[in-house]
Amino acid sequence: MQFLDELAINKDNAGVSTGYEWSDIAGKEKIEVVSPVDGRAIATVFTADENDYMKTVAQAVTAARQWRLTPAPKRGEIVRQIGNELRRYKQSLGALVSYEMGKSLQEGQGEVQEMIDICDFAVGQSRQLYGFTMHSEREEHRLYDQYHPLGVVGVITAFNFPAAVWSWNAMVGSVCGNALLWKPSSKTPLTAIAIQKILGSVIRKNALPEGLFNLVVGRGSVVGEAMLADKRLPLISVTGSIEVGRHAAEAVAARLGKCILELGGNNGVIITANADLKLAVPAVVFGAVGTAGQRCTSTRRVIIHDSVYDEVKEALVKAYRSLRIGSPLVEDNHMGPLIDTEAVEGYVEALRQLREQGGTVLCGGGVLSGGEYFSGCYVEPVLAEAENDYAIVQQETFAPICYLIRYTGEVEKAICLQNGVVQGLSSSIFTGDLRESELFLAAVGSDCGIANVNIGTSGAEIGGAFGGEKETGGGRESGSDAWKGYMRRQTNTINYGTTMPLAQGIRFDID
Ligand code: NAD
């Protein structure tokens, strides 16, 4: 395939790099990467062993010491060049994201666009790593705070955003003066290798040290665990399931390190009696079916007012019946495959539990096979009726299953249902009523990190801080002031006078 050649993806690929240099592959454990699109083997990746890991982190530590001395706007200049390289490779990298992960070609290219956008954002941020200046309570004293780099930041990413999530962390983390160590999902390592090769040309052209941008492909139980335990990594950013994130948080806390956690969601859309259904229906369909329901922000629950319930249900069923399922590389298709057959098993099991708990499937539910569905990863998107307190509704099933939940009475009831799950990532309300929308955004409203009005739950812009509350982990990445998470804050007090006053007026006279 031409895009593989353009990205220098070979039949056999090393999975460890410190920038421009790549590790030996001899004797390493390997991963065969198979596309969920057509079930074909794409390439082989050789993973990091312990020796690779130790060598890579040692180099990263040395590079971080050097990089922190480079002025932040000059660090921004490197990120600007990375953004330009990504522009050159947008088509081919987008195609690889789509072929390796299974999301639509448009979404694959959208992911690369998001990388380009965060580069631009980080370049600007490199001139705005600001602290506050406060007025000191003491005479002839100055009080301010400033931000310094942390060192080496570990980035562990999930399969479903194999490119963009790394860039949120890496581009912002890099202008903040850190070296980066990336462990991508073992399900999508080729995208990571392609990105590392794109970075390589910038690293070489600018004679940057090896160790600034590092890639270590390997199992979570090997490379991931090594990172969690490694005191040389003061910060680990983890994007993944609640289960993995909880374990990571405990392991990193045990050494008093810091984590940015971006974990699972169980995102609800409220449709009130005052909603504009022309907006609500397409937003729900895209939110539930886009990326085959494999976004952390996918719409999983739709909480609908009794007075419009039947109308919404009918419109959704009609829309679902018109969806085209097939290769994500074909632009006309609405939904591609799940990541692998294990995910298909999870989908089938969730539907079994749903029925057992009293839910009704309105449409979809089949696993597609044969012909263009040869990979065994294609399923029909499901609309189902359920209650919010069913155990299966309380969980995030990473598949296109969307539950319709009826509410009666005031919007407070809908907000209570929307908040009634352990996750707290994304939420939205459809209403033309100001009182309802403002209540949803107030302290008593949505308890999620993202709360939208008259747009769906999925598809956040990079300019805002991205992340969620409760068991979604509380982390924030990307825009706004999320950069602060990648730096250490220092408060400075300077005495430029000739006396030694103490704070709080304390006197401590000595002869
Ligand atoms: P996952 O939890 O299976 O894996 C995530 C990453 O953790 C992978 O790189 C994996 O190799 C690594 N890992 C696994 N075990 C580990 C261990 N013991 N130590 C260290 N690392 C380990 O998740 P996934 O299936 O790749 O992705 C889907 C999940 O990610 C969903 O729950 C989704 O909601 C979540 N997600 C969240 C966000 C967000 O921003 N909140 C974004 C994307 C995905």
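The figures that follow rest on heavy atoms only: side chains count, while hydrogens, waters and symmetry mates do not. One-based numbering, in listed order, for ligands and for the atoms of each. Along the sequence shown, the residues carry numbers beginning at 1.
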List ligand 1's nitrogen or oxygen atoms that come under 3.5 Å of a protein nitrogen or oxygen, with the partner atom and distance.
{"unit_1": "ligand 1", "atom_1": "2 (O)", "unit_2": "Ser241", "atom_2": "N", "d": "2.8"}
{"unit_1": "ligand 1", "atom_1": "2 (O)", "unit_2": "Ser241", "atom_2": "OG", "d": "2.6"}
{"unit_1": "ligand 1", "atom_1": "9 (O)", "unit_2": "Thr157", "atom_2": "O", "d": "2.7"}
{"unit_1": "ligand 1", "atom_1": "9 (O)", "unit_2": "Lys183", "atom_2": "NZ", "d": "3.1"}
{"unit_1": "ligand 1", "atom_1": "11 (O)", "unit_2": "Lys183", "atom_2": "NZ", "d": "2.8"}
{"unit_1": "ligand 1", "atom_1": "18 (N)", "unit_2": "Glu225", "atom_2": "OE2", "d": "2.7"}
{"unit_1": "ligand 1", "atom_1": "19 (N)", "unit_2": "Gly220", "atom_2": "O", "d": "3.4"}
{"unit_1": "ligand 1", "atom_1": "26 (O)", "unit_2": "Phe159", "atom_2": "N", "d": "3.1"}
{"unit_1": "ligand 1", "atom_1": "30 (O)", "unit_2": "Gly240", "atom_2": "O", "d": "3.3"}
{"unit_1": "ligand 1", "atom_1": "32 (O)", "unit_2": "Glu396", "atom_2": "OE1", "d": "2.6"}
{"unit_1": "ligand 1", "atom_1": "34 (O)", "unit_2": "Glu396", "atom_2": "OE2", "d": "2.6"}
{"unit_1": "ligand 1", "atom_1": "40 (O)", "unit_2": "Glu262", "atom_2": "OE1", "d": "3.3"}
{"unit_1": "ligand 1", "atom_1": "41 (N)", "unit_2": "Glu262", "atom_2": "O", "d": "3.4"}
{"unit_1": "ligand 1", "atom_1": "41 (N)", "unit_2": "Leu263", "atom_2": "N", "d": "3.3"}
{"unit_1": "ligand 1", "atom_1": "41 (N)", "unit_2": "Leu263", "atom_2": "O", "d": "2.8"}

[X] (side chain) donor-acceptor with [Y] (main chain) under 3.5 angstrom:
{"X": "Asn267", "Y": "Thr457", "result": "no"}
{"X": "Lys103", "Y": "Pro328", "result": "no"}
{"X": "Glu469", "Y": "Gly424", "result": "no"}

How about CD on Glu331, more than 12 heavy atoms from neighbouring residues, nucleotides or ligands closer than 6.0 Å, or not?
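No, the 6.0 Å shell around CD holds no more than 12 heavy atoms from other groups.
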Decide yes or no on side chain to side chain donor-acceptor pair (under 3.5 Å) for Ser446 and Ser427, but give the supporting numbers first.
CA-CA 7 Å; Ser446 165; Ser427 59; 2.8 Å; yes
With sequence neighbours left out, what residues match Trp168 under ring pair (Phe, Tyr, Trp, His ring centres under 6.0 Å)?
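Trp168: ring pair (Phe, Tyr, Trp, His ring centres under 6.0 Å) contacts with Phe466.
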